[in-house]
Student: 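This is the structure, below, for whatever I ask next.
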Amino acid sequence: MNKTLLALLIAAAAAAGAVNAQTTAINTSAAGSTATQVEETLVFGRGETRQVHVLGAAELAEYPAGTSPLKAVEKLPGVNFQSADPYGAYEWSTRIVVRGFNQNQLGFTLDDVPLGDMSYANHNGLHISRAITSENIGTVALSQGAGSLAAASTSNLGGTLEFTSLDPATEFAAQVNGSVGSDAAQRVFVRVDSGEFGGAGTRLFLSFADQITDKWKGDGEQQQDAINFKLVQPLGEASLTGYYSYSDRAERDYQDMSLEMIDRLGRDWDNYGSDYARAIAAAQGNFSGKVNSLDDAYWDAAGLREDNLGYVSLDLPLGSATDWKTTLYQHTNEGQGLWGTPYVPTPNGAPLSIRTTEYDIDRQGVVSGLSFDLGDHSLNAGIWIETNDFNQARRFYGETGLDRPTRSFTEFQRDPLLTQWEYAFTTDTLQLHIQDSWQVTDALRIELGAKAIEVDVDASTVTGDNKTGSIETSENFLPQVGFVWGLTDKHEIYSTLGKNARALIGSATGTSPFSASQAGFEAIRDSIEPETATSLELGWRFRGDTFEGVVTAYYVEFDDRLLAIQQGSAIIGSFNALANVGAVEAIGLEAGLNWQLNDTWYWYNSASLNDSTYSDDYFTEGNTRVALAGKTVVDSPEVMFNSELGLELDRAFAKLHLKHTGERYYTYTNDGSVDSYNVLNLSVGYRFPDLGALKELTAQLDITNLTDEDYISTVGSGGFSNTDPNGTGQTLLPGAPQQAFFSLKAMF
């Protein structure tokens, strides 16, 4: 660990910083509402026993329209977020890593409803960008380390991201947002709030969003339609809430690249797309230009997802000291990941076909919790039960056209040529938790709690390699203990020690026992252990009249780490080699400080230093030793730094944000890496005065990647491998070049 660099980073973070929303009231309802407010949305989570960061609606609104809320948290200490598009919403490329834990090792919820592990290969949830439109999000809370004990998640090894939706306004209101930008980007968002009606306090909102943009390179569009509906019905002291979301997303993919391809073909190289004749020729081995391989480009690729998510929630006070909240939810999903493959020709047709990985999810569950206020003690206990029926298949669809294609990559494919494999998984989940928050003195609070999880997965083989069988994850005691000690009204020390587990999953892809070959599955099914992590953090929060800061040190011991090792080219779709590589150790230091320079200027900085390494070598199925001990965990930069300078006037606002991301490895043995980079983003806007019926009109210009930095965003898009000595591993996605977007937001 570079102690000099560490000192410089912490000094820089302690020198300046401010986030505009940290001490001002943030209205988490639509304009005109007084129903739901967060009195103080603190980026650095004052009073918490663990490191917690909260971003409010005002902060989220200052990003380009349609930006994923995941991108908004990238400036927080310890967060590495990557996406090949400027919105952070392109799911194939989206990656979030927190303290060395990747996206599939975190927990995600929306209004207490579990979103699963948010993997691209959907098996138990959906991405936040499909669960709710960004304009309807009220807060985003990131709990690092042990994470939120009550979160309905069996994947939260390294923390939780909990999203809350806005409530309907208490008075009639309407919002219309429109934006245009680079690459023919167009987006429209419309929301109408009914206000209270019917004499019983009933209120609801309905919103619609339509977004479409060309890819920034290559051919094709990325588009999404979304509908959100929410109703709140007071019932005396109780409250009944209903929510429904529909999302229809079709994303044309970028070609996964290697370092060698980028050097030979350039960063702007992509799939053939509409150049069908060249795709046909390449499939026949007739290459042109600098192309020399079937894998340099494919005909086309896309991701299709259609989701329906709904819940009904009852918040019921049981006297002055007890509250009971129960949420019933259901989620269905149909998805296809499409690749135009030259490896499977169509009989009596084109020398290619469309290969799909198909997903069908039907899950329903209940999250219920009781809280008790007993003076110095605040108790809460809860239960989460879910049943998830998940069907996954690999199919090929014939293409008979020789001169022009007969199939579209933005439509669900029907009438397959063949089914390579198909599996049906049923996953039953039970989670229990209990926690006591004990206010020992006015200055000291201690939290003690634990959770237990039991996850049973039954798999049946429809066709393909036989993987019929069951696996179980049973962890009866996952404790968490923490304290927060207020030294003064401006200084506090906090610490949390907790253990978490990631349940074994039912899926034919990813880090699942069922993603291995049949022989591999038989070899590990009775011995595989779930991943577990024990996290310890110790931090100091401080604040003054114009600043607020945090410094946190942490240590993580991660046992039974599972690696899914890509076998050959990703498009061929071979089953993974799954390896248990033993322990991983992570030690890190994070710092951040907000500084309100004066009434109009603020400055925010955060710095992170993370050393995550594999502790053990491991052996392949062929009994070959892979020297992993001491190697850095993939996609885990050692150094990250954020700096944001903002301006807030009565009408005008602006911010300039710089993010530095250090070198990242994409091979387990660390012989493949991508360079560090710096990206600068600029946002400027103006709020026009009251225009009568038009209560507010805001104009905003956003320029992403202001300096047109040439960098690699996503690593591991095509999976991770042990080694890449020649730089030919196709698992990298270049980041988007400079882009500009203009938005008008009207409130009625």
Side-chain angles (χ1 to χ4, degrees), residues 44-54 78 98-101 105-107 109 141-162 369-384 431-454 474-487 491-503 530-541 550-560 583-590:
F44 297 134
R46 190 166 69 246
E48 297 283 354
T49 60
R50 55 187 179 271
Q51 182 148 301
V52 177
H53 307 288
V54 181
V98 178
R99 295 181 178 177
F101 290 96
Q105 295 160 339
L106 305 174
T109 65
L142 170 64
S143 300
Q144 292 171 260
S148 172
L149 192 64
S153 171
T154 56
S155 58
N156 60 324
L157 287 174
T160 55
L161 269 161
E162 296 170 276
L370 276 168
S371 60
F372 307 89
D373 184 357
L374 304 177
D376 292 338
H377 291 268
S378 296
L379 299 176
N380 71 81
I383 184 171
W384 167 41
Q431 175 177 295
L432 303 170
H433 86 272
I434 187 168
Q435 186 173 43
D436 176 25
S437 180
W438 176 24
Q439 195 70 45
V440 184
T441 68
D442 289 343
L444 177 63
R445 189 175 80 255
I446 295 175
E447 292 184 353
L448 298 165
K451 69 178 180 180
I453 62 172
E454 183 171 317
S474 183
E475 297 286 343
N476 294 322
F477 185 61
L478 297 170
Q480 189 175 125
V481 57
F483 74 86
V484 57
W485 181 19
L487 304 176
H491 297 269
E492 64 182 26
I493 302 295
Y494 64 94
S495 180
T496 292
L497 172 66
K499 183 178 181 180
N500 282 324
R502 179 176 184 252
E531 298 174 323
T532 60
T534 301
S535 302
L536 171 65
E537 63 179 342
L538 175 66
W540 166 44
R541 297 188 190 99
V550 63
V551 178
T552 307
Y554 61 87
Y555 173 78
V556 180
E557 185 172 306
F558 184 0
D559 293 317
D560 294 307
V584 173
E585 283 191 336
I587 185 169
L589 191 60
E590 301 166 350

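Since the model is a prediction, treat every value here as computed from it, not as a measurement. In this chain, residues are counted from 1 in sequence order. Only this structure's heavy atoms are used, side chains among them; waters, hydrogens and symmetry mates stay out.
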Student: List the atom of Ser148, the atom of Ser143, and the distance in Å for their closest heavy-atom pair.
Tutor: N-CB, 3.9 Å

Student: Apply side-chain contact (heavy atoms from CB on, under 4.5 Å) to the pair Trp384 and His433, showing each step before the final yes or no.
Tutor: CA-CA 9 Å; Trp384 167 41; His433 86 272; over 6 Å; no

Student: Under 30°, 30 to 60°, or over 60°: which ring-plane class applies to Phe101 and Phe558, parallel, tilted or perpendicular?
Tutor: tilted

Student: Can you tell me how far OG of Ser155 sits from CZ of Arg502, rounded to the nearest 0.5 angstrom?
Tutor: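 Between atom CZ of Arg502 and atom OG of Ser155 there are 6.5 Å.
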
Student: Hey, what do you get for OG (Ser153) to CD (Gln431), rounding to the nearest 0.5 Å?
Tutor: 7.0 Å

Student: Shortest non-hydrogen contact from Leu478 to Lys499?
Tutor: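 That closest heavy-atom pairing would be CB-O, 3.4 Å.
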
Student: Output, in order, the C-alpha distance, side-chain angles, deciding distance and verdict of salt bridge (Lys or Arg N to Asp or Glu O under 4.0 Å) for Glu48 and Arg445.
Tutor: CA-CA 9 Å; Glu48 297 283 354; Arg445 189 175 80 255; 5.1 Å; no

Student: Does one side chain, of Glu537 or Thr496, offer a donor that lies under 3.5 Å from an acceptor on the other?
Tutor: no

Student: Are Tyr494 and Gln51 linked by a side-chain donor-acceptor pair shorter than 3.5 Å?
Tutor: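 The criterion, which ignores hydrogens and geometry beyond distance, is satisfied for Gln51 and Tyr494.
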
Student: Let me see the working for Gln144 and His53 under side-chain hydrogen bond (donor to acceptor under 3.5 Å, both in side chains), right down to the final yes or no.
Tutor: CA-CA 9 Å; Gln144 292 171 260; His53 307 288; 2.9 Å; yes

Student: Applying the side-chain contact (heavy atoms from CB on, under 4.5 Å) criterion to Thr534, which one of Val556, Leu497, Asp559 satisfies it?
Tutor: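 So the option named by the test is Leu497.
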
Student: To the nearest 0.5 Å, what is the distance between CD1 (Ile493) and CG (Leu487)?
Tutor: 5.0 Å

Student: Where do Gly47 and Arg541 come nearest, in terms of heavy atoms and distance?
Tutor: N-NH1, 3.8 Å

Student: Quick one: CG on Leu106 to OG1 on Thr160, what's the gap to the nearest 0.5 Å?
Tutor: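 If we round to the nearest 0.5 Å, Leu106:CG and Thr160:OG1 are 8.5 Å apart.
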
Student: Please identify which of these residues, Val484, Thr552, Leu536, meets the side-chain contact (heavy atoms from CB on, under 4.5 Å) condition with Ser495.
Tutor: Leu536

Student: To the nearest 0.5 Å, tell me how far Trp485 CH2 sits from Thr441 OG1.
Tutor: 9.0 Å

Student: Before you tell me yes or no, could you show the steps for Glu585 and Tyr555 under side-chain contact (heavy atoms from CB on, under 4.5 Å), namely the whole-Å CA-CA distance, both residues' side-chain angles and the distance that decides it to 0.1 Å?
Tutor: CA-CA 8 Å; Glu585 283 191 336; Tyr555 173 78; 2.7 Å; yes

Student: Just wondering, do Phe483 and Leu444 contact through their side chains at under 4.5 Å, heavy atoms?
Tutor: yes

Student: Dump the intermediate steps for side-chain contact (heavy atoms from CB on, under 4.5 Å) on Val551 and Leu589, then the final yes or no.
Tutor: CA-CA 7 Å; Val551 178; Leu589 191 60; 4.2 Å; yes

Student: Roughly how far apart are Thr532 OG1 and Asp560 CG, rounded to 0.5 Å?
Tutor: 5.5 Å

Student: Write down the atom of Asn500, the atom of Asn156, and the distance for their closest heavy-atom approach.
Tutor: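 For Asn500 versus Asn156, the nearest heavy atoms are ND2-O, 3.0 Å.
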
Student: Please find the pair of heavy atoms, one from Glu454 and one from Ser474, that lie closest to each other, and give the distance.
Tutor: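 Result for this residue pair: OE1-OG, 4.2 Å.
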
Student: Show your working on side-chain contact (heavy atoms from CB on, under 4.5 Å) between Arg50 and Gln480 and close with a plain yes or no.
Tutor: CA-CA 11 Å; Arg50 55 187 179 271; Gln480 189 175 125; 3.6 Å; yes

Student: Tell me the closest heavy-atom pair linking Glu475 and Ala501, and the distance in Å.
Tutor: CG-CB, 3.7 Å

